[in-house]
Amino acid sequence: MRAVLLEVGGETLPAILRGPERGPTLLVLQPWFEELNRTRRTLACVTELLAGRGVRSVLPDLPGSGDHGEPASAVRLPRWRGAVAALGEMLASDGGLSVLAVRAGMLVADAVEAPTYAVAPVASGAGVLRALWRTRAAAGPDVTASALDAASLGGATIEVSGYPITPGLAADLRGASALSAPGRLVEFGRQLPFAPPWASADAADDTAAFARWLANDIADWMQG
Amino acid sequence: MATMEGDARSDAREQVRAILATTLGLKAATARGLTDGSPLFGALPELDSMAVAQLLTEMEDRLGIVIDDDEVDGALFATFGSLVSFVAAKRA
């Protein structure tokens, strides 16, 4: 494993590289906000297992997320799409490139021209925004999702679980759909008999079993 | 008429079961074992407030319904049956 700073498309992106220096490469587009925190360990396991199957992986922290130097208020969809497009161009020149998009990671996956493996992708940016408002409303007191949306439209930044949702980001999400059709789509429940890593911390911890399943399936898909 | 109502509720039940299984990653046996009387909020450890927010949004996206703020309260997620009744009524 190597922790690096990638200079690409005018951005400086912290990234974790695993696997061989060259060869088939997987660009990992992580979930957003709290889901990213809850998924980090799983994705570390998956990419480590993929390295054992000869897959090189690149897991970047996009502007304002994870270990990126800028504050969370820097998260904007056009900037993320630009960064992902530049990453895609850089990595494609090294050999075959595929994308792993998890949850809201799917909202930027179509910035790269590469086959995409999608894990429980969100249906739309508007849905992500509604879920954020509802999560904030559940924390109370006396605030509703629709009142939060109205405040956002009026120019307010709304904090949800410690993440500032700026009016700009909210506008980006309202207009965003997950555009590209994934090359492979996996959903939890019948297909994946595991708890999603972003589910409650109280839920059963089957991270290791889920990571093994996912790494094997991704490797087979990339090599198939 | 009774049969049509029964079918609508039966459809809603299976759709809600599938959405719960997918969103929360319920084990197949847990999902299959849900009956109208099964308690949800407080009984399923997977169902925290973030999961509730996701579940409402998934239901809207997959079932083509719109859920207003004032329709969401503790009673909605009290049991599997209360959630199924809500969806069946929304789609009636």
Side-chain angles (χ1 to χ4, degrees), chain A residues 31 33-35 37-38 42 103-104 119-140 142-150 160-161 173 177-178 185-207 209-210, chain B residues 12-34 38-78 80 83-84 86-87 90:
Chain A
F33 307 125
E34 180 59 16
E35 288 187 351
N37 293 330
R38 295 185 181 190
T42 302
R103 299 287 292 152
V119 178
V122 299
S124 67
V128 171
L129 192 63
R130 286 200 306 277
L132 285 168
W133 295 158
R134 282 170 169 152
T135 301
R136 174 64 192 84
D142 300 328
V143 61
T144 62
S146 50
L148 291 167
D149 196 49
V160 181
S161 311
L173 287 172
S177 49
L185 166 68
V186 294
E187 295 275 9
F188 289 87
R190 188 179 303 173
Q191 190 180 10
L192 290 179
F194 308 102
W198 48 87
S200 162
D202 293 340
D205 183 357
D206 43 19
T207 300
F210 171 53
Chain B
R13 183 180 289 111
E14 292 320 305
Q15 284 168 332
V16 171
R17 192 190 307 282
I19 291 172
L20 275 170
T22 305
T23 308
L24 305 179
L26 298 182
K27 303 253 183 275
T30 308
R32 267 199 313 272
L34 290 170
S38 302
L40 294 182
F41 198 68
L44 291 176
E46 296 89 347
L47 194 59
D48 62 4
S49 58
M50 194 168 116
V52 165
Q54 280 176 9
L55 199 53
L56 291 167
T57 308
E58 288 286 325
M59 283 164 47
E60 287 181 328
D61 288 343
R62 294 190 189 207
L63 304 177
I65 59 176
V66 176
I67 302 171
D68 293 326
D69 290 339
D70 57 9
E71 293 175 309
V72 182
D73 58 20
L76 180 58
F77 291 97
F80 181 61
L83 196 54
V84 169
F86 174 77
V87 167
K90 271 280 180 189

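Per chain, numbering begins at 1; letters A, B, ... match sequence-line order.
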Quiz prompt | chain B contact via A:R103 - which portion, at a heavy-atom distance below 4.5 Å | solution = side chain
Practice problem: Would you give the length of the straight line joining atom CE of B:M50 to atom CD of A:E34, rounded to the nearest 0.5 angstrom? | Solution: 5.5 Å
Quiz prompt | Proximal component of A:A131, with respect to chain B [non-hydrogen, under 4.5 Å] | solution = both
Practice problem: Provide the closest heavy-atom pair for B:K27 versus A:P193 in the form atom of the first, atom of the second, distance. | Solution: NZ-O, 3.8 Å
Quiz prompt | Residue B:L56 versus chain A: region with a heavy atom under 4.5 Å | solution = both
Self-check item: Where A:G127 and B:T57 come nearest, the two heavy atoms and their spacing
Solution: O-CG2, 3.2 Å
Practice problem: Heavy atoms only: give me the nearest A:P196-B:T23 pair and the separation to one decimal. | Solution: CG-O, 3.5 Å
Quiz prompt | Proximity breakdown for A:A145 and chain B, heavy-atom pairs closer than 4.5 Å | solution = both
Quiz item: How close do B:Q54 and A:W198 get, heavy atom to heavy atom, and via which atoms?
Solution: NE2-CD1, 3.7 Å
